[in-house]
Protein chains: 2
Amino acid sequence: MSRGVHRITMRDVAKEAGVALSTVSHFLNGTAPVSPKTQQKIIAAIERLHYRPDFTARNLKRRRTNALGLFVPDITNPFYAELARGVTDVARESGYSVILYATSYESELEEDFMELVEQHQVDGIVVSYSFLNEGLWRRLEESGIPAVLVDVYPVNDKWPSVVVDNERGIEKALSYLVSLGHTDIGYLSEPLYVLSLVKRQQAFLRFVRRKGLPLRDEWVLVEKAQKNRVEIGFTLGRRLLEAPRLPTAVVASSDLVALGALKAFLSEGVRVPEDMSIVGFDDVLLASYVHPSLTTVRQPKYEMGRTGVEYLLQFLQGRKEYPLLTLIEPILVVRDSCRERG
Amino acid sequence: MSRGVHRITMRDVAKEAGVALSTVSHFLNGTAPVSPKTQQKIIAAIERLHYRPDFTARNLKRRRTNALGLFVPDITNPFYAELARGVTDVARESGYSVILYATSYESELEEDFMELVEQHQVDGIVVSYSFLNEGLWRRLEESGIPAVLVDVYPVNDKWPSVVVDNERGIEKALSYLVSLGHTDIGYLSEPLYVLSLVKRQQAFLRFVRRKGLPLRDEWVLVEKAQKNRVEIGFTLGRRLLEAPRLPTAVVASSDLVALGALKAFLSEGVRVPEDMSIVGFDDVLLASYVHPSLTTVRQPKYEMGRTGVEYLLQFLQGRKEYPLLTLIEPILVVRDSCRERG
DNA sequence: TTGAAAGCGCTAACAT
DNA sequence: ATGTTAGCGCTTTCAA
């Protein structure tokens, strides 16, 4: 397998074309004018030899890698997958590769990732996950590698952050439920491993207090273990049903949690939305394809990924025409999982 | 951002430690014995200077990139996301990065991807997608970059291929339905853009003929457009319901298609499994969390990804202890979406 | 418009 | 056990 096989280099092309090595380089990069005649010779030589520039060598010289890192906890979570799509699309359009780094919520793996960064394997990085190991933020900062945060609130004053207004999202969900006559509302959440999730829960509690709605401990369930999101929703949904008195509606910390809870309710004979209304968060694709389809708070995941990389590229080009905090207005998408209180 | 800032190199460390450049290198790589005393000096210097080896330089010298490419059509499809998890996990364990390349089923993007490969930006590649542009297989072959195929049948005699026995899977699904008394069975499929999907459909038709089951054109629906899989299932499900006579069961080409069809049925008042049985393919996580939970043919996606990379790494290490074709036995997972014919 | 030459930071002979 | 040195393939002054 091409080990040891002579690789075609620019030197070969230069020789074949009968010009200097640097002329080939200049032509390829457009860094100096090259006469049409010479151009032809070079092109012909490249064709004949099937020459392809070697990026590693180019990168060593240019002191960059042409790669961006994408740091997410779980690529099988459609929220992060959509985000990844936005990230890879913009990166590709700009000639960058994207190195995918998913931790599965394991903090030991974060260290490995930081190695990647510190060894200059990426020019910049999109962080969509709060490090569990706090010290890593400092290491990242000290590495000097440009970073952007997506779905992560600012941690310093140099890395731009793109987040949805999580509090507003929860308020919209709750206002909607209240407008349907609901007063007894529960909240089901995955682990609060990210500030966004903390804010959602806080916004829920604040709203409930402000409106003077009844609140019981058994109605606010937060999972501790880093299990699969849908499984978490299923477990919490079941647990909720054990409460001595049930709420008439629940808000979930994410769509996956909502889908799990929906399953728990339906399989226990609790009808949705007749007996229980549900609102999710994120608006993953499947939200509109479950039955009943899920009312949810939409986050523009793909766009958030795109925006993040756009900021990062601006940074790499020395332009800084972006705000430190980009707060996106979430949209309530009304579907079939909620109904007026009976 | 650290542009122009002096980067700490091995030379700096050597000077700081008062030893030769190569001694530092040898120590770091374990390529020659280094006395404890010298080791201490080097370690101290590294600490003091916050030195990190530069991978680009190392890679140029070693003529490798330490990165693997992962080529999939759609990372938001949980099948590919699970696969990606397997791929990135094994790669990480072996010190490789994974460059994610998703095409969104657009064949123009395949070209970009091939550039990546030809410019030696990856040491090897996992292909989980049949190129729409046939010529690319040849280009990949000519590039000399080691490749493995996952969920793609062999295209030559050098790249190992890891696939589930798609025919067996469909046969298991159909046998199960027949055992429940079903004779009128439909088939809903996403575009046949991959041989696996062709085989599934063929297996379906073959089985139906062999068993002498009734078959109507309106029962075998294959989408042409590259839309979202769930949407495809929803559309085909609706279309199926327009047939003058309905089958009592359907097999879907994948779980996402099955979920879409399930939604179509339920929202048209067709009960599942009472009026219609459904079997999916893949066993994505959500299959067990929809209501009713989906009976499906399981593909070990994560393991397939892992196996693929393991083969690739063997190849890169000059060992070739793997078969050209690894055919995995699919498992029928019985849940709640099928019932005996009423 | 073209060419010669000096590295980018590292590995790996080879010499000591 | 340690040091010297020649590149890896490319970009980029600087000269011609």
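Naming: A, B, ... by sequence-line order, numbering from 1 per chain. Small disclaimer: the values here were computed from a predicted structure and weren't measured.
- What separates CZ of A/Arg52 from P of D/dC10 is a distance of 13 Å, to the nearest Å.
- B/Tyr302 and B/Arg306 form a side-chain donor-acceptor contact under 3.5 Å, judged by distance and modelled atom types alone.
- For D/dC8, the OP1/OP2 oxygens have no side-chain nitrogen or oxygen of B/Arg63 closer than 4.0 Å.
- For the 3.5 Å distance criterion, the side chains of B/Arg138 and B/Asn156 fail to qualify, holding no donor opposite an acceptor.
- Between C/dT2, C/dG9, D/dC8, one nucleotide has an atom nearer to the side chain of B/Arg7 than all others, and that is C/dG9.
- Rounded to 10°, the helix from C/dT1-D/dA16 to C/dT16-D/dA1 has 40° between the axis fitted to its first five pairs and the one fitted to its last five.
- Of the candidates C/dC10, D/dT2, D/dC10, the closest approach to any side-chain atom of A/Thr9 belongs to D/dC10.
- For the pair B/Lys37 (side chain) and B/Ser35 (backbone), a donor-acceptor distance under 3.5 Å is absent.
- At a cut-off of 3.5 angstrom, counting only N and O atoms as typed in the model, there is no donor on one side facing an acceptor on the other between the side-chain of A/Ser22 and the base of C/dT2.
- Side-chain N/O atoms of A/Lys61 and base N/O atoms of C/dG7 include a donor-acceptor pair closer than 3.5 Å.
- The nucleotide whose nearest atom lies closest to any side-chain atom of A/Ser35 is, among D/dG3, C/dT1, C/dA4, C/dT1.
- Sequence neighbours left out, the pairs with a member in residues 71-82 of chain B that pass salt bridge (charged side-chain N to carboxylate O under 4.0 Å, His left out) are B/Glu82-B/Arg85.
- As a whole-Å value, the separation of B/Asn59 CG from D/dC8 C1' is 11 Å.
- Distances were taken from every side-chain heavy atom of A/Thr38 (C-beta onward) to each of D/dT11, D/dT12, C/dT1; the shortest belongs to C/dT1.
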